[in-house]
Undergrad: 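Here you go, one structure.
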Amino acid sequence: MNNNVRVRFAPSPTGPLHIGGVRTALYNYLFARKHNGSCILRIEDTDQTRYVDSAEDYILNSLDWCGIEFDESLRKGGDFGPYHQSERKHLYRRYADKLVEKGHAYYAFDTQQELDVLRSEYESQGKTFIYNQTARKELRNSITLSNDEVQSMLEKGEPYVIRIKIPEDDTVELTDLIRGHISVHTKEMDDKVLYKADGMPTYHLANIVDDHLMEITHVIRGEEWLPSAPLHVLLYKFLDWKAPAFAHLPLLLKPDGAGKLSKRDGDRLGFPVFPLKWKDPKTGEEYMGYRDSGYFPEAFINILAFLGWNPGTEKELYTLDELIKDFSLERVGKSGSRFDPDKARWFNHQYLIRKSDREIAERFMTSLDEKGISANIHFVEKAVSLVKERVNFVREIWDEISFMFIAPTEYDPKVVKKKWKEHTPGLLSELLEQFRQIDPSDFTAENIEEATKDFLAEKDLGMGQIMNAFRLTIVGGNKGPSMFHTAEILGKEEVLKRMEYGINHISRD
RNA sequence: GGUCCGUUCGUCUAACGGUUAGGACGCCAGGUUUUCAUCCUGGUAAUAGGGGUUCGAUUCCCCUACGGACUGCCA
């Protein structure tokens, strides 16, 4: 392919970006990198009424956390700025005017109230009002009004919008990179507002003007835009511009059926919908995020990448660089996908077990800090190495090895009942004496195991007859990694102390 | 309602006219293990329905059903 590919991700700062938006950004990014092109971030803030102050930072921080980098953005700048549509306001008007001059657009003076009335009248008759080629002939606009009337209304400062004049009998065709050929008859299209009464362009105008000015070659966006793609194609044609290639991505659906994923689904179904946690500034409601739930960003983008795309091989674990190498729009599916929380956890597990003990230990240290437990990093590193394969998230490590930091004083009654026999205290005391013989510096898993096995052989007993009780004194229950390794990490002194305590305190009743 | 888009195991998906319809997650069973996990092995489970086209359809076409998106001076 050519090497001047330019794509953009263009969110609107009306709230947090959810995982569907992140995936769109990711696919744009992958496509750009794959083709040695540029990836641009543009903020579509033409709707003043829905602007949410903290949303923009949220979007930027989210993408940053994911490792999705832009070549041009509001933070980074670039040769095609500004990257806020609100700062490009002055650019749009002339194109709207040009369309009016060429007869492809017209002034409409109908107020929102008038249109609302029409809509509800139609609705009460079971019909839908559409401002189209039929309706425009009966409403207050520069098609029905004389030039003089229009001029005087304009001069008097009457509010108006500019609408596209959809051709009466034509067919708009486009080829979508994912869906193939699509055609729509113009009689099905409506005269969308291009320029609002408040002096701002609508999405439709702004997006094609900016995409043209920013020399965007491929528009990769969500499927919700598919119905308006013909309108955009028409606009490019009317302005004598070359339209970019389109690729409409399938939607991310609710895990339990009906409809596209929405912000409340996460808390309802127990998985995050947002990359980072989000507090709604208006309602104060909080929504959880992937980062805050303990997902690694690498796992998160891997999960997202596979929701709608796959390499066609059996490889499932992909770094960002590998994704760049293998990604292609041809391998993006057509149908919507549901998010699978179980598989998401599995992905995180895969990344967790591949990380070094050191890195996991460092992350785990912060949750220890929160619990007010101070520990040596080398000790934590060893403890973590024993259990990292059995958890999906760093925060779950605590449940596995809390006994490493807090000696048990209570014992699982079920295990006591089953494994703490009449002769157990005596046997354990003898084993303790064996351990006492080992020099503290030789208190290794290997030596402890040898001492234990020798002891059992001498007594003609099996492992099962002592290990559970031993574990009970050290752990307080019947779970956990290898006792010999656990004992080594805990150290001779601590092990003997716990055994003694257990022998003296565990009783069957 | 209208327009457009979609439909392979429960979920993510592979198979771009010829496969016993493959893999992964989940689930179930067995094995390993001092315990709980991990891990290993095996199993369960799908082409929405009906018509065509074809020697042969998951694959191409049509209809039906179902699902979804859009239908704002929102993006």
Side-chain angles (χ1 to χ4, degrees), chain A residues 10-14 44-47 49-50 85 108 110-112 115-116 119 122-123 126-131 159-163 176 178-179 182-185 187-190 192-204 206-207 221-230 248 250-251 253-255 257-260 303 306-316 330-331 333-347 349 353 387-391 400 415 419 449 452 456 462-472 475 477-484:
Chain A
S12 145
T14 53
E44 310 230 321
D45 56 350
T46 51
D47 186 351
T49 62
R50 298 209 312 156
Q85 285 187 329
D110 321 276
T111 64
Q112 292 196 54
L115 294 175
D116 285 345
R119 286 200 178 90
Y122 271 67
E123 199 176 334
K127 291 189 286 188
T128 308
F129 170 76
I130 298 168
Y131 206 121
Y160 66 91
V161 300
I162 295 175
R163 286 180 182 272
D176 184 278
I178 292 170
R179 277 149 227 286
I182 291 164
S183 78
V184 177
H185 193 95
K187 69 171 188 273
E188 311 292 354
M189 299 171 65
D190 48 341
K192 289 280 185 218
V193 172
L194 302 177
Y195 200 82
K196 304 188 264 190
D198 67 359
M200 275 289 198
T202 59
Y203 170 84
H204 302 297
N207 119 83
R221 80 237 287 197
E223 191 188 321
E224 67 268 28
W225 293 110
L226 197 52
S228 53
H248 290 93
L251 263 16
L253 275 16
K254 291 181 195 293
K260 68 172 170 176
I303 294 162
F306 271 72
L307 244 32
W309 172 87
N310 79 84
T313 66
E314 289 184 4
K315 182 174 163 66
E316 286 195 286
E330 289 72 44
R331 294 210 63 90
K334 291 181 173 63
S335 52
S337 12
R338 278 175 236 285
F339 184 84
D340 181 352
D342 282 328
K343 188 135 190 191
R345 281 187 276 273
W346 176 82
F347 268 110
H349 174 74
I353 62 180
V387 294
K388 73 170 185 183
E389 301 221 326
R390 52 176 75 200
V391 297
E400 300 295 328
V415 182
K419 303 290 184 184
E449 180 167 359
T452 307
L456 289 173
M463 288 278 248
Q465 271 152 298
I466 192 74
M467 293 309 285
N468 292 296
F470 177 34
R471 177 179 298 279
L472 192 62
V475 176
N478 68 338
K479 58 171 203 172
S482 151
M483 275 318 295
F484 304 123

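Hydrogens, waters and symmetry mates play no part in the numbers below; they use all other heavy atoms, side chains included. Convention: sequence-line order gives letters A, B, ...; per-chain numbering from 1.
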Undergrad: Look at all strands and tell whether A:Arg221 reaches a base, only sugar-phosphate, or nothing, counting heavy atoms closer than 4.0 Å.
TA: nothing

Undergrad: Under 4.0 Å between any heavy atoms, over every strand shown, what does A:Gly480 touch: base, sugar-phosphate, or nothing? Just pick one.
TA: base

Undergrad: Any N or O donor-acceptor pair linking the side chain of A:Arg338 to the base of B:U11 at under 3.5 Å?
TA: no

Undergrad: Between C1' on B:U11 and CH2 on A:Trp346, what's the gap in Å once rounded to a whole number?
TA: 14 Å

Undergrad: Looking at A:Asn310, I'd like to know whether one of its side-chain N or O atoms comes within less than 4.0 Å of OP1 or OP2 on B:A14.
TA: yes

Undergrad: Looking only at side-chain atoms of A:Glu223, point me to the closest of B:G26, B:G23, B:C5.
TA: B:C5

Undergrad: Expressed in whole Å, how much space separates the P atoms belonging to B:G18 and B:G31?
TA: 42 Å

Undergrad: Using modelled atom types only, decide if a donor and an acceptor are shared between the side chain of A:Thr14 and the backbone of A:Arg50 within a distance under 3.5 Å.
TA: no

Undergrad: What's the CG-P distance between A:Asn478 and B:U34, to the nearest Å?
TA: 15 Å

Undergrad: For residues A:Ile130 and A:Tyr122, determine if any side-chain heavy atom of one lies less than 4.5 Å from a side-chain heavy atom of the other.
TA: no

Undergrad: In this structure, how many angstroms lie between the P atom of B:G26 and the CZ atom of A:Phe339, rounded?
TA: 14 Å

Undergrad: On a whole-Å scale, what distance lies between the C1' atoms belonging to B:A75 and B:U38?
TA: 47 Å

Undergrad: Taking atom types as they are modelled, would you say the side chain of A:Lys479 forms a donor-acceptor pair with the base of B:A37 within the 3.5 Å cutoff?
TA: no

Undergrad: Would you say A:Lys419's side chain and A:Leu472's backbone share a donor-acceptor pair under 3.5 angstrom?
TA: no

Undergrad: Could you give the distance from CG (A:Asp45) to CD (A:Gln85), rounded to the nearest 0.5 Å?
TA: 6.5 Å

Undergrad: How would you label the contact of A:Pro481 with the nucleic acid (heavy atoms, under 4.0 Å): base, sugar-phosphate, or nothing?
TA: base

Undergrad: Apply side chain to side chain contact (heavy atoms under 4.5 Å, CB included) to the pair A:Val161 and A:Thr202, showing each step before the final yes or no.
TA: CA-CA 10 Å; A:Val161 300; A:Thr202 59; over 6 Å; no

Undergrad: Report yes if some heavy atom in the side chain of A:Phe484 is under 4.5 Å from a heavy atom in the side chain of A:Met467; otherwise report no.
TA: yes

Undergrad: The side chain of A:Asp342 is closest to which nucleotide in this list: B:G26, B:U34, B:G2?
TA: B:G26

Undergrad: Using heavy atoms to find the nearest nucleotide of RNA chain B for A:Lys419 and A:Phe306 separately, return the residue whose nucleotide is more 5′.
TA: A:Phe306

Undergrad: Say we look at B:C60 and B:G1: how far apart would their C1' atoms be, to the nearest angstrom?
TA: 32 Å

Undergrad: Expressed in angstrom and rounded to an integer, what is the separation of A:Asp340 atom CG from B:C27 atom C1'?
TA: 12 Å

Undergrad: Taking A:Asn310's backbone N and O only, do any of them form a donor-acceptor pair with A:Arg331's side chain (distance below 3.5 Å, no angle check)?
TA: yes

Undergrad: Nearest of B:C4, B:C36, B:C25 to any side-chain atom of A:Arg390?
TA: B:C36

Undergrad: Mind calculating the distance between CD (A:Glu314) and P (B:A15) to the nearest angstrom?
TA: 12 Å

Undergrad: Using only heavy-atom distances, decide whether a donor-acceptor pair under 3.5 angstrom links the side-chain of A:Ser337 to the base of B:U13.
TA: no

Undergrad: Treating primed atoms plus P, OP1 and OP2 as sugar-phosphate and everything else as base, which nucleotides of nucleotides 70-75 of chain B get B, S or - for protein heavy atoms under 4.0 Å?
TA: SSSBBB

Undergrad: Please write out the pairs of protein N or O atoms and N or O atoms of nucleotides 63-66 of chain B separated by less than 3.5 Å, giving the distance to one decimal.
TA:
none

Undergrad: Does the structure show a Watson-Crick or G-U wobble partner for B:C39, both distances under 3.5 Å? Name it, or say none.
TA: B:G31

Undergrad: Would you mind reading off the distance between A:Arg345 atom CZ and B:U38 atom C1', rounded to a whole angstrom?
TA: 17 Å

Undergrad: Look at all strands and tell whether A:Thr313 reaches a base, only sugar-phosphate, or nothing, counting heavy atoms closer than 4.0 Å.
TA: nothing

Undergrad: Please tell me if the side chains of A:Tyr131 and A:Asp110 come closer than 4.5 Å, counting only heavy atoms from C-beta onward.
TA: yes

Undergrad: Partner lookup for B:C60, please. Criteria are Watson-Crick or G-U wobble with both distances under 3.5 angstrom; report none if nothing qualifies.
TA: B:G52

Undergrad: What is the base-pairing partner of B:G2, counting Watson-Crick and G-U wobble geometry with both distances under 3.5 Å?
TA: B:C70

Undergrad: Please name all residues satisfying ring pair (Phe, Tyr, Trp, His ring centres under 6.0 Å) with A:Tyr160, sequence neighbours left out, ordered by chain then number.
TA: A:Tyr107

Undergrad: Which part of the nucleic acid, if any, lies within reach of A:Gly308 when heavy atoms closer than 4.0 Å are counted: base, sugar-phosphate only, or nothing?
TA: sugar-phosphate

Undergrad: Looking at B:G10, B:C39, B:G6, which one has an atom nearest to any side-chain atom of A:His349?
TA: B:C39

Undergrad: Which whole-number value in Å describes the distance from A:Glu330 CD to B:A14 C1'?
TA: 17 Å

Undergrad: Which base, if any, makes a Watson-Crick or G-U wobble pair with B:C25, both distances under 3.5 Å?
TA: B:G10

Undergrad: Can you check the A:Lys388 NZ to B:U38 C1' distance for me, whole Å?
TA: 13 Å

Undergrad: Quick one: does any side-chain atom of A:Asp190 pair with a main-chain N or O of A:Lys192 as donor and acceptor, under 3.5 Å?
TA: no

Undergrad: Determine the interatomic distance between C1' on B:U54 and the same-named atom on B:A14; round to the nearest Å.
TA: 25 Å

Undergrad: Please state the P separation for the pair B:G6 and B:G26 - nearest whole angstrom.
TA: 32 Å

Undergrad: Using the C1' atom in both, what is the distance from B:A24 to B:C63, to the nearest Å?
TA: 36 Å

Undergrad: Report which part of the nucleic acid A:Arg179 touches: base, sugar-phosphate, or nothing (heavy-atom distance under 4.0 Å, all strands).
TA: sugar-phosphate

Undergrad: Would you say that more than 12 heavy atoms from the other residues, nucleotides or ligands in this model lie under 6.0 Å from the NZ of A:Lys334, or not?
TA: no

Undergrad: Using modelled atom types only, decide if a donor and an acceptor are shared between the side chain of A:Arg471 and the backbone of A:Gly477 within a distance under 3.5 Å.
TA: no

Undergrad: Any sub-3.5 Å donor-acceptor pair from A:His248's side-chain atoms to A:Arg221's backbone N or O?
TA: no

Undergrad: Considering only the C1' atoms, how many Å lie between B:G22 and B:A46, rounded to the nearest integer?
TA: 12 Å

Undergrad: C1' atom, B:C12 versus B:C27: distance in rounded Å?
TA: 16 Å

